[in-house]
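Reminder, nothing fancy here: chain letters follow the sequence lines and each chain counts from 1.
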Amino acid sequence: MSDEQTETAERVDAPAGGTVTQRLEAVLMIADEPLSVVSLATAVGAPVPAVRQAIETLVADYDGAAGGPVRGFELREVGGGWRFYVREQFDDLVADFVGGQAPARLSQAALETLAVIAYKQPVTRSQVASIRAVNVDSVVRTLLARGLITELYADPETGAVNYGTTDLLLQQLGINSLDGLPPISPLLDDGADGFDELTA
Amino acid sequence: MSDEQTETAERVDAPAGGTVTQRLEAVLMIADEPLSVVSLATAVGAPVPAVRQAIETLVADYDGAAGGPVRGFELREVGGGWRFYVREQFDDLVADFVGGQAPARLSQAALETLAVIAYKQPVTRSQVASIRAVNVDSVVRTLLARGLITELYADPETGAVNYGTTDLLLQQLGINSLDGLPPISPLLDDGADGFDELTA
Amino acid sequence: MAPSPDAAHDETPLAPRAEEADPAGAAEQDGGGGFRVSLGNFDGPFDLLLTLISKHELDITEIALSRVTDEFIAYLRDLGPEEDLDQASEFLVVAATLLDMKVAGLLPQGELVDAESVALLEARDLLFARLLQYRAFKEASGWFRARLQAEDGRHARAVPLEEKHRAKTPELIWTLTKEEFAALAMLAFAPKALPHVGLDHLHAPLVSIREQAAIVVTQLRSREKMSFRELVAGVDQIGVVVARFLAVLELYRHAAISFEQLEPLGELTLTWTSEQWSDEMLASLGADYDR
């Protein structure tokens, strides 16, 4: 990192007590969930663009992109916010250290249901069921219990609950927003129109 | 930090995958209590002297003593162990952030988790998770931070920490001991059943 | 509605689809022996169809569907009555579409385009579209699996606050009594209930199947034989008609009555056949519908 340049740029925006990057490092060090740029800006008392720029600087800095050492940790944007992570290269090392049990895996049925909900949200249970051609009640219950999906709202006419995915799912997928989902077959868009009435 | 010098020195000792400093950074980033030099050495797979030297390098590095920026965090030895701390200069910033973040009321999820721990103690986090059918890590941290639960002991075989409630909870509930909790026994044994499928 | 399990394997007209499926599916399938479907491996008809299609390394085309139809129907026949009824009925819907397509393929082409064949074309296109859609989501689920697994191995910083910062957190506001706390515990320990979709807004009064069954029993025992039409004569609430029909099915399950129906959708004649009926049996009748 080119220290002179960054610090000068930051000092302008930081009202008092250190640079924006330093203040960001301090807050991120005690965060236990991803923090959005807006809440970071509030926390460090700097405008959003300055925070955004400082985050960029930090990411590059930790990645060794500015001439310094590559850090054993990195800053990642996941599930709508920024958070310190162990650098991927060292995940195995750390896993040995923390031990812990392997988390339960989702079944194929749950994964497919999750995919349908992720791409089709807001979507009702019966719409999901008609796409998968099976009853999905118990799978939906599992996904709800795991906090991967949530009830968005009830249809005012039918009362059917519409489901969507949560930030927790984004975190567990390691993506920042639904835009991070891979594009699904273009065929879908053509076919989808005719389905609404049938799956309603 | 003088990168060339340090990296050469470290590469000799690090068996594989990054330098000792990088590996230390990775482990320290997820350590939730101060770690002794010996346990750090075990964790990163390097001899104690090399770890000691790498720690010194990191401390100086974060303090900006080697020409890099002063970090918003620091590496400090407290009670015979090393841990990342927010740099003291930013304590007020962090205090404001913490004060604004933590809700004075416990969330429904936190209360339910507390109830499970109260009636099932001693109980491990994964047992609570399977009863609640959700990941409870962050909620348990909140309850710990609130002093409503405490770590009782580690399971001698698995190393899993068993949690129990504190006198503070008893005070809040207005009872003298856990015997004062209203009985809810009939449902207790059933609790864990039926969740195996959820984790499938 | 789905046929009752008892109806699926006898000659009653209650399960017309299953009846039709038999001769058509059996036609040229037996003795092939090349392909075996292991029961229970498939999560839904689309899954099975895709598996069958991929076994033959076919793309999803009309040819693919016509080649796998027989295997699909054969699989369906192997679905024993112990299989999940929901699942079986979902398979039936797809099977019916496939069968229609097969029949249409066997018929001479160039006939008049009538309403039925138009409907058939639509059904076929729909099935294709849904298969393609399902395949797309199935592929996407592979990405989900890989991402979840990869992210599982990642370690985010999540450590408790150090003591001095802990002290700065706002003081806890506690409002629960010990009784409320206990109630919360019960809630937490209770098996998680399925999210319930309220039907109250439909303003439909609840109808008891047991009550309706009691009426059916009384009427049939006094008359010995009557049509379903007579049984619901004078009833103007659709819910009551449905409940009375469910009661009839339940009584059939208990072998208390028998059916006669000379043609599909024709008059349904009910006969009281039970010799050891006791009204106590009413108490457990329709328990499947209790929620």
Side-chain angles (χ1 to χ4, degrees), chain A residues 1 3 6-7 17-19 21-33 35 39 42-45 58 61-62 64 67-74 84-87 89-94 96-101 103-107 109-110 138 141-142 144-147 168 172, chain B residues 1 3 6-7 17-19 21-32 35 39 42-45 61 64 67-73 84-87 89-94 96-98 100-101 109 126 129-130 132-135 137-138 141-142 158-160 195-200:
Chain A
M1 167 165 110
D3 304 320
T6 344
E7 302 220 352
T19 64
T21 45
Q22 284 176 325
R23 294 154 73 87
L24 281 175
E25 284 181 322
V27 170
L28 286 167
M29 198 48 86
I30 55 142
D32 60 0
E33 57 180 8
L35 294 177
S39 50
T42 314
V44 304
L58 281 177
D61 183 4
Y62 299 152
V70 178
R71 299 291 171 183
F73 49 83
E74 61 179 332
F84 274 124
Y85 274 78
V86 169
R87 189 169 293 279
Q89 182 188 353
F90 302 105
D91 274 329
D92 289 345
L93 175 82
V94 167
D96 287 347
F97 175 69
V98 292
Q101 60 284 57
R105 295 254 166 84
L106 289 173
S107 66
S138 77
R141 190 169 38 188
T142 304
L144 274 174
R146 289 252 197 129
L168 180 64
Q172 297 201 355
Chain B
M1 152 167 124
D3 303 322
T6 343
E7 301 221 352
T19 64
T21 45
Q22 283 177 324
R23 294 154 74 90
L24 279 175
E25 285 182 320
V27 170
L28 287 166
M29 191 47 80
I30 48 101
D32 54 7
L35 295 175
S39 48
T42 314
V44 304
D61 183 3
V70 178
R71 298 292 170 183
F73 50 85
F84 277 131
Y85 291 93
V86 170
R87 190 169 293 278
Q89 181 189 355
F90 301 104
D91 275 351
D92 290 346
L93 180 79
V94 166
D96 287 349
F97 176 73
V98 169
Q101 281 282 307
S126 65
S130 82
R132 300 262 299 114
V134 288
N135 185 305
D137 290 357
S138 79
R141 260 197 312 276
T142 305
T158 67
F195 283 109
D196 285 344
E197 60 187 19
L198 287 176
T199 57

Check: Can you find a heavy atom in the side chain of B:M29 that is under 4.5 Å from one in the side chain of A:M29?
Finding: yes
Notebook entry, point to check: To the nearest 0.5 Å, how far apart are OG1 in B:T42 and CG in A:D96?
Noted result: 12.0 Å
Next item on the list: Quick one: closest heavy-atom pair of B:V86 and A:A26, and the distance?
Entry: CG2-O, 3.4 Å
Note to self: Test side chain to side chain contact (heavy atoms under 4.5 Å, CB included) on A:L58 and B:R71; report intermediate values, then the result.
What the structure shows: CA-CA 10 Å; A:L58 281 177; B:R71 298 292 170 183; 4.1 Å; yes
Note to self: Measuring from atom CG of B:L93 to atom CG of A:L24, what distance do you get when rounded to the nearest 0.5 angstrom?
What the structure shows: 9.0 Å
Item checked: Straight-line distance of B:R87 CZ to A:R23 CZ, nearest 0.5 Å -> 14.5 Å
Next item on the list: Kindly indicate whether the side chain of B:F84, heavy atoms from C-beta on, has any atom under 4.5 Å from the side chain of A:F73.
Entry: yes
Margin query: For the CD atom of B:E25 and the CD atom of A:E74, what is their distance to the nearest 0.5 Å?
Written below: 12.0 Å
Check: Run the side chain to side chain contact (heavy atoms under 4.5 Å, CB included) check on A:L35 and B:F97 step by step: do they pass?
Finding: CA-CA 12 Å; A:L35 294 177; B:F97 176 73; 3.8 Å; yes
Next item on the list: Compare every heavy atom of B:G17 with every heavy atom of A:F90, then report the nearest pair and how far apart it is.
Entry: CE2-O, 3.2 Å
